[in-house]
Every structure is written in C-alpha cells, then in structure tokens.
K.L.:
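One structure is given below, represented as structure tokens, and several questions about it will come after.
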Amino acid sequence: MQMIQLGASGLRVSKLCFGTLTMSPLQRNLTPAEGARLLCHAYDRGVRFLDTADLYETYPHIREALKSAPDYVISTKAYCYDRETAQAALERAFRGLGRDYVDLFMLHEQESLYTLRGHEEALVFLEEQRRRGHIGAVGVSTHYAGCVRAVHRFPMIRVVHPLINLGGIGIQDGTREDMEAAIAGAREFGVGIFAMKPLGGGHLMSSNREALAYAFSNPLLDSVAVGMQSIEEIDANVDFLENLPEAESRQEQLQHRKREMMVHDYCEGCGRCAARCGQHAITVVNGRATIDPEKCVFCGYCARVCPQFCIKVV
C-alpha cells in the first residue's frame with residue numbers, strides 16, 4: 001500500500017488509516033481479541049496507520065494487535081484542557097498501549113481559534129513531550145473549518161484530523177468547499193492532514209464508491225481514516241484504494257449497509273446525550289431522546305454519557 005509523508009510532521013503513514021471507533025464499546029463493542037484480529041488483517045493488507053482516542057476504549061484491542069503488527073503508526077486523541085489533563089491522558093495511552101511512545105497525540109474535537117487558545121497549556125505540554133521523545137507529533141481533530149484555519153498560529157500543531165467528505169456532512173461551520181479551503185491553507189504551513197468520516201458517518205454508503213474516490217484521490221488529504229468492523233469491509237476498502245479487480249463488487253455489497261441510532265424504551269429523557277452531541281442531532285421530546293438522522297454522524301459519543309446505557313449505534 002502507498003505510504004505517505006504526513007505533512008512536515010516526520011510521520012510516514014499508509015494512505016488508508018484504520019479508524020477504531022467502530023469496534024469500540026460506543027459502537028460494535030468487539031472484544032480485544034476480535035478487534036485485534038481485524039487490525040492484524042488490515043496490517044497484512046498493508047495498512048500501517050490507525051486512529052483511536054481516549055474516549056474509544058480500544059487501547060486493549062490495539063495492544064493485543066501490536067504483538068503481531070508492531071509497526072502500526074498510532075494516532076490517539078483526548079479532551080485535554082491544561083497540563084494536568086494532558087499528562088493524565090498521555091499516561092493512560094502509555095499504559096493502555098503498553099508503550100512509552102505515541103506517534104501522534106491530538107486534542108479531541110477542537111472548534112476554533114478561541115478553543116485552541118484556551119487549551120494552549122495542554123498543547124505546550126504535549127510539545128514538551130514530543131521534544132523529549134515520547135510523542136512523534138502533536139495535532140488536533142475537528143469538525144470545524146474555523147479550527148483548521150487557526151492551527152498555523154500554533155507552531156506545535158503539525159497534524160490536523162478534520163471531518164471532510166463528498167457531501168460535506170457533519171461540518172459544523174460551513175460547506176465542504178469551506179473546509180477544503182481551510183485545509184489548503186493549513187497545508188501551506190506544512191501541516192499534515194488525515195481525514196475523518198469520508199462516508200459521512202454512513203450517510204454516503206449508497207454512493208460509497210464516489211465518496212471514497214473523492215477522499216482517496218483528493219490531493220489535500222495525506223491519509224483517510226475509515227471505520228471498519230469486519231474483514232469484508234477491510235478488504236473492500238483496500239481493494240478500492242489499490243484499484244483491484246474485486247473492488248467494484250465488494251463495494252457494491254457494502255453500499256446497502258446502514259447504521260442507525262437506537263434509543264431503548266427505558267430512556268429517562270435526562271438530556272445528557274443532547275448536551276453532549278456536537279452535531280446538535282438530539283433533542284428530548286416527551287421525555288425521551290429523539291435523534292435527527294439528517295444531522296447524526298453515528299459517532300456514538302452520546303452513548304458514553306448515558307447513565308442508563310440506553311442509546312447506541314447499531
């Protein structure tokens with residue numbers, strides 16, 4: 001598989017990145033052994049880059065996979081606001097992965113210049129750890145073009161993980177074209193870019209080939225993170241990227257799959273999920289969480305804050 005320089009970060013990654021959110025307790029809830037099996041299969045197919053997060057609880061899956069697939073470049077991210085929270089999150093990553101080094105550590109879900117300024121203490125700490133050899137590069141993830149436009153003001157940020165896809169689904173402050181323009185500006189400063197949600201959280205599965213073609217062939221994107229839950233999905237995406245004969249039929253088999261959010265009858269309407277949803281896709285109606293399928297990107301982050309465990313991606 002094609003290997004790419006991730007901007008000027010010094011990291012070299014595969015064009016396809018394995019997004020592990022889909023195997024996490026927030027979504028399919030695979031066991032560490034099941035998740036490791038998928039990661040190892042992707043590794044055998046040439047994937048050398050994976051993305052996780054403190055929130056996903058997939059460190060055990062990755063640690064198990066590293067026994068057979070040691071050369072994965074690992075990107076993780078966490079909600080860090082200052083030196084203390086950044087240090088704690090980094091130490092959780094080290095313990096969880098069984099390493100004292102993380103290739104890429106990012107601040108999770110940053111929104112704007114003001115968010116970045118408010119979290120600058122965490123960024124400074126992470127940059128110190130990079131200089132000490134504990135982190136390969138520092139970055140941020142975001143659903144906002146405004147955040148991407150601001151990263152050049154923070155020289156320690158060498159990688160951005162933005163939400164971008166063919167339909168512009170999930171971008172919170174503009175259109176696909178706005179995000180593309182922001183990414184192009186960041187690249188001028190040597191910032192590496194690896195995209196998230198190329199299929200719009202599942203909304204673009206009916207046009208999956210067009211959506212993947214947009215992402216994989218886009219010169220603005222160094223790498224593309226795709227969530228994969230099965231051997232079939234891994235093979236379909238690798239074959240598509242490498243333009244193998246089986247690619248067309250395998251993608252056609254996947255295009256009818258659809259993710260949904262389930263809210264169980266025992267929902268108490270506490271509203272925590274609505275407050276957590278960055279897409280503003282959840283409201284409480286008649287004492288029960290109600291989800292707008294047009295806004296939801298099926299991240300499952302809302303499930304993490306539900307005290308009754310009654311909401312999940314299926």
Side-chain angles (χ1 to χ4, degrees), residues 6-11 20-21 26 50-59 62 73-163 171-173 179 182-183 185-196 225 272 275-279 299 301 304-305:
L6 192 52
S9 69
L11 300 177
T20 64
L21 171 61
L26 301 179
L50 67 82
D51 175 68
T52 186
D54 196 27
L55 178 73
Y56 298 172
E57 299 181 13
T58 56
Y59 290 155
I62 297 167
V73 175
I74 298 173
S75 167
T76 191
K77 47 196 178 291
Y79 298 108
C80 307
Y81 314 108
D82 54 20
R83 186 181 189 89
E84 182 179 359
T85 53
Q87 182 173 2
L90 185 59
E91 289 175 354
R92 285 194 297 273
F94 290 158
R95 289 195 303 269
L97 297 170
R99 288 180 166 184
D100 59 2
Y101 172 84
V102 174
D103 300 282
L104 173 59
F105 199 99
M106 302 186 292
L107 298 190
H108 204 163
E109 290 193 302
Q110 301 302 286
E111 297 180 0
S112 66
L113 170 62
Y114 305 104
T115 309
L116 294 172
R117 282 177 175 167
H119 301 161
E120 190 166 7
E121 184 179 318
L123 289 169
V124 170
F125 170 79
L126 294 173
E127 174 63 10
E128 290 173 358
Q129 296 305 302
R130 186 195 68 79
R131 292 177 178 175
R132 293 176 180 177
H134 297 304
I135 297 174
V138 177
V140 297
S141 72
T142 185
H143 295 187
Y144 291 80
C147 177
V148 180
R149 287 193 293 268
V151 295
H152 73 277
R153 296 171 180 255
F154 302 84
M156 69 284 282
I157 298 175
R158 304 313 304 155
V159 178
V160 175
H161 184 34
L163 187 156
I171 298 171
Q172 290 295 288
D173 60 346
M179 185 63 85
I183 290 171
R187 287 182 63 90
E188 292 181 3
F189 291 90
V191 176
I193 306 291
F194 80 103
M196 70 168 86
R272 294 184 186 180
R276 175 63 184 84
C277 182
Q279 304 298 127
C299 63
Y301 291 2
R304 182 69 179 271
V305 299

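Because the structure is a prediction, the values reported are computed rather than measured. The first residue in the sequence is number 1, and the count goes up from there. Scope of the values below: all heavy atoms of this structure, side chains included, with no hydrogens, waters or symmetry mates.
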K.L.:
How far does NE2 of H119 sit from OH of Y81, to the nearest 0.5 angstrom?
P.N.:
6.5 Å

K.L.:
What is the minimum heavy-atom distance between G133 and Y101, and which atoms define it?
P.N.:
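For G133 versus Y101, the nearest heavy atoms are O-CD1, 3.2 Å.
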
K.L.:
Does K77 use its side chain to pair, donor to acceptor, with the backbone of T52 at less than 3.5 Å?
P.N.:
yes

K.L.:
Please determine whether the number of non-hydrogen atoms from other residues, nucleotides or ligands lying under 6.0 Å from atom CZ of R153 exceeds 12.
P.N.:
no

K.L.:
Around atom CZ of R187, are there more than 12 heavy atoms from other residues, nucleotides or ligands closer than 6.0 Å?
P.N.:
yes

K.L.:
When you compare the side chains of Y144 and Q110, does any donor N or O come within less than 3.5 Å of an acceptor on the partner?
P.N.:
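No donor-acceptor contact under 3.5 Å links the two side chains.
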
K.L.:
Test side-chain contact (heavy atoms from CB on, under 4.5 Å) on F94 and H134 and set out the steps.
P.N.:
CA-CA 9 Å; F94 290 158; H134 297 304; 3.9 Å; yes

K.L.:
Got a donor-acceptor contact below 3.5 angstrom from the D103 side chain to the S75 backbone?
P.N.:
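No, D103 side chain to S75 backbone: no donor-acceptor pair under 3.5 Å.
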
K.L.:
Kindly assign one of parallel, tilted or perpendicular to the pair Y79 and H108, based on the angle between their ring planes and the thresholds 30° and 60°.
P.N.:
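The rings of Y79 and H108 lie parallel, inter-plane angle below 30°.
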
K.L.:
State, to 0.1 Å, how close V148 and P162 come at their nearest heavy-atom pair, and which atoms those are.
P.N.:
CG2-CB, 4.2 Å

K.L.:
Side chains of S9 and L104: does their closest heavy-atom pair fall under 4.5 Å?
P.N.:
no

K.L.:
Count the heavy atoms belonging to other residues, nucleotides or ligands that lie under 6.0 Å from CD of E91, then report whether that count exceeds 12.
P.N.:
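Atom CD in E91 is crowded, with more than 12 foreign heavy atoms closer than 6.0 Å.
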
K.L.:
T76 and Y56: side-chain donor and acceptor closer than 3.5 Å?
P.N.:
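Distance-only check fails for T76 and Y56.
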
K.L.:
Just how far is it from atom SG of C147 to atom CG of L116, taken to the nearest 0.5 Å?
P.N.:
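With rounding to 0.5 Å, SG (C147) is 4.5 Å from CG (L116).
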
K.L.:
Are the side chains of I157 and L107 in touch, meaning some heavy atoms are under 4.5 Å apart?
P.N.:
no

K.L.:
May I ask you to decide if D51's main-chain N or O and T20's side chain share a donor-acceptor pair within less than 3.5 Å?
P.N.:
yes

K.L.:
Going by atom types alone, do H152 and E188 pair a side-chain donor with an acceptor below 3.5 Å?
P.N.:
no

K.L.:
Rounded to the nearest 0.5 Å, what separates atom CZ in R95 from atom CG in L90?
P.N.:
10.0 Å

K.L.:
Could you report the tightest heavy-atom contact between C299 and L26, atom names first, then the distance?
P.N.:
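Smallest heavy-atom distance, with atoms named: O-CB, 4.3 Å.
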
K.L.:
Please test Q129 against R132 for side-chain contact (heavy atoms from CB on, under 4.5 Å), starting from the C-alpha separation and ending with a verdict.
P.N.:
CA-CA 5 Å; Q129 296 305 302; R132 293 176 180 177; 3.5 Å; yes

K.L.:
Would you compute the distance between atom CD1 of I135 and atom CZ of R158 and round it to the nearest 0.5 angstrom?
P.N.:
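Separation between the atoms: 14.5 Å.
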
K.L.:
How far apart are the C-alpha atoms of F125 and C80, what are their side-chain angles, what is the distance that settles it, and do they pass the side-chain contact (heavy atoms from CB on, under 4.5 Å) test?
P.N.:
CA-CA 10 Å; F125 170 79; C80 307; over 6 Å; no

K.L.:
With I193, which of V159, L6, V160 fulfils side chain to side chain contact (heavy atoms under 4.5 Å, CB included)?
P.N.:
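One option only clears the test, and that one is V160.
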
K.L.:
Please step through side-chain contact (heavy atoms from CB on, under 4.5 Å) for the pair L113 and F154, ending with a clear verdict.
P.N.:
CA-CA 10 Å; L113 170 62; F154 302 84; 3.8 Å; yes

K.L.:
Short question: side chain of D82, backbone of E121 - any donor-acceptor pair under 3.5 Å?
P.N.:
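Between the backbone of E121 and the side chain of D82 there is no qualifying donor-acceptor contact (under 3.5 Å).
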
K.L.:
Minimum heavy-atom separation for L123 and V140, please, with both atom names.
P.N.:
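Here L123 and V140 meet closest at CD2-CG1, 4.5 Å.
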
K.L.:
Tell me the closest heavy-atom pair linking H161 and A225, and the distance in Å.
P.N.:
CE1-CB, 4.0 Å

K.L.:
Using every non-hydrogen atom in the two residues, find where G146 and D173 come nearest and quote the distance to one decimal.
P.N.:
N-OD2, 2.9 Å

K.L.:
Does OH in Y114 sit with more than 12 non-hydrogen atoms of other residues, nucleotides or ligands closer than 6.0 Å?
P.N.:
no

K.L.:
Please report the interatomic distance OH(Y301) to CG(L21), rounded to the nearest 0.5 Å.
P.N.:
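Result: 5.5 Å between the selected atoms.
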
K.L.:
First locate atom CE of M156, then atom CZ of R130, and finally report the distance between them rounded to the nearest 0.5 Å.
P.N.:
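Reported value, rounded in 0.5 Å steps: 10.0 Å.
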
K.L.:
Testing E109, E111, Q279 for side chain to side chain donor-acceptor pair (under 3.5 Å) with H143, which one passes?
P.N.:
Q279

K.L.:
Taking the basic N atoms (NZ, or NE/NH1/NH2) and the acidic carboxylate oxygens, is any pair closer than 4.0 Å for R117 and E120?
P.N.:
no

K.L.:
Is there a donor-acceptor contact under 3.5 Å from the side chain of D54 to the main chain of A89?
P.N.:
no

